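The block underneath contains the structure these notes are about, expressed in structure tokens.
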Amino acid sequence: QKEVEQDPGPLSVPEGAIVSLNCTYSNSAFQYFMWYRQYSRKGPELLMYTYSSGNKEDGRFTAQVDKSSKYISLFIRDSQPSDSATYLCAMTSIQGAQKLVFGQGTRLTINP
Amino acid sequence: DVKVTQSSRYLVKRTGEKVFLECVQDMDHENMFWYRQDPGLGLRLIYFSYDVKMKEKGDIPEGYSVSREKKERFSLILESASTNQTSMYLCASSSRGGGAEEKLFFGSGTQLSVL
């Protein structure tokens with residue numbers, strides 16, 4: 001079993017829809033959680049960061065962590081075609097990118 | 001604008017060749033990383049370096065080596081390329097002690113095909 005599981009999709013939704021992207025994990029020591037967005041033919045870029053449990057909101061994006069269920073989510077409101085990308089979750093038990101464990105990535109397409 | 005630059009976007013090599021992938025960052029970052037990205041497997045860390053001439057193995061170092069002679073440059077070396085090393089290679093950098101979020105900055109990747 002992988003330490004971090006993420007449905008690879010692809011996921012296709014109409015413009016304006018609410019999108020929910022999810023990851024589950026098995027290591028209860030994880031406490032730093034991130035979402036990276038990767039456009040086609042580009043490297044990933046950090047989108048959201050959350051420490052421990054709770055929610056974090058940034059514009060149309062909300063990151064949610066439920067440590068009791070070992071489950072994290074990224075919600076995108078009022079989705080736009082420019083949100084079409086692959087979204088990767090990542091997490092670690094300590095500060096320091098060298099220990100980041102990435103999910104497989106979910107490929108998302110927003111249709112105009 | 002901060003940048004991580006990978007020298008080649010696409011590379012085609014033959015089995016057994018020695019392959020060099022180069023990466024340069026202009027952010028004066030201490031940490032540099034090499035990942036490979038494969039469908040269904042996500043990003044896997046090959047090697048990382050936290051200082052000049054310092055390196056540590058990641059999760060899949062077999063068949064790879066690295067070199068960091070200058071702070072801004074981190075090279076990945078495939079001593080004898082094999083077909084199972086066909087992949088997208090991503091270089092990244094981060095600032096040590098860069099706050100609670102040690103943000104990774106990625107290059108655009110090198111798609112390597114080994115025939």
Side-chain angles (χ1 to χ4, degrees), chain A residues 1-10 21-27 30-52 54 56 58 61 63 65 72 85-107, chain B residues 1-6 8-10 21 23 25 27 29-51 54-61 66 74 88-111:
Chain A
Q1 183 191 2
K2 290 179 180 166
E3 240 181 330
V4 179
E5 296 276 3
Q6 184 177 7
D7 186 341
L21 304 168
N22 311 295
C23 288
T24 58
Y25 61 95
S26 57
N27 188 341
F30 287 152
Q31 53 182 337
Y32 299 91
F33 303 93
M34 292 139 222
W35 286 94
Y36 280 80
R37 177 176 61 194
Q38 184 176 20
Y39 290 117
S40 181
R41 292 184 292 278
K42 296 287 187 183
E45 57 178 343
L46 182 65
L47 184 63
M48 297 284 284
Y49 166 87
T50 311
Y51 170 67
S52 194
K56 185 174 183 178
D58 184 1
F61 297 88
V65 175
I72 70 169
T86 296
Y87 290 81
L88 300 111
C89 62
M91 52 197 78
T92 180
S93 57
I94 61 167
Q95 288 189 32
Q98 69 271 22
K99 295 299 183 185
L100 270 181
V101 180
F102 284 86
Q104 300 95 310
T106 300
R107 188 172 173 184
Chain B
D1 193 19
V2 297
K3 249 187 177 173
V4 177
T5 303
Q6 295 183 231
S8 305
R9 184 75 184 96
Y10 297 97
L21 302 183
C23 176
Q25 52 97 1
M27 294 166 282
H29 283 168
E30 293 83 6
N31 302 325
M32 295 190 74
F33 306 80
W34 276 105
Y35 289 89
R36 62 178 283 176
Q37 184 174 28
D38 299 287
L41 296 177
L43 269 72
R44 292 179 293 167
L45 182 64
I46 304 171
Y47 267 98
F48 78 97
S49 169
Y50 52 90
D51 205 344
M54 306 304 287
K55 61 185 179 185
E56 284 198 22
K57 293 179 180 178
D59 299 317
I60 51 164
V66 290
F74 192 35
M88 170 67 78
Y89 289 87
L90 288 161
C91 175
S93 71
S94 72
S95 176
R96 187 186 310 148
E101 53 176 273
E102 194 168 301
K103 181 177 178 179
L104 281 170
F105 293 85
F106 283 89
S108 292
T110 296
Q111 179 63 53

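So you know, we letter chains A, B, ... as the sequences are listed, proteins then strands, and number each from 1. Just the heavy atoms: all of them, side chains too, but no hydrogens, waters or symmetry mates, feed the values below. Note that the coordinates shown come from a computational prediction; the quantities given were computed from them, not determined experimentally.
- When side chains are defined from C-beta on, B:Leu43 does not count as touching A:Tyr36, because their heavy atoms never get closer than 4.5 Å.
- Both the backbone and the side chain of A:Pro44 come within contact range of chain B, judged by heavy atoms closer than 4.5 Å.
- Within the 4.5 angstrom heavy-atom criterion, only side-chain atoms of B:Arg9, from C-beta onward, approach chain A.
- Atom CE of residue B:Met88 and atom CZ of residue A:Arg41 lie 9.5 Å apart, to the nearest 0.5 angstrom.
- B:Leu90 touches chain A through its side chain: at least one heavy atom from C-beta onward sits under 4.5 Å away, while N, CA, C and O do not.
- Counting heavy-atom pairs closer than 4.5 Å to chain A, the top-ranked of the candidates B:Pro39, B:Gly42, B:Ala92, B:Cys91 is B:Gly42.
- Within the 4.5 angstrom heavy-atom criterion, no atom of B:Tyr89 approaches chain A.
- In this structure, CZ on B:Phe48 lies 11.0 Å from CG on A:Leu100, to the nearest 0.5 angstrom.
- Heavy atoms only, all atoms of each residue included: B:Gly40 and A:Lys2 are closest at O-NZ, 2.8 Å.
- Side-chain contact between A:Thr86 and B:Gln37: absent, with no pair of heavy atoms (C-beta onward) separated by less than 4.5 Å.
- Highest contact tally toward chain B, considering only A:Arg107, A:Gln6, A:Gln38, is held by A:Gln38 [criterion: heavy-atom pairs under 4.5 Å].
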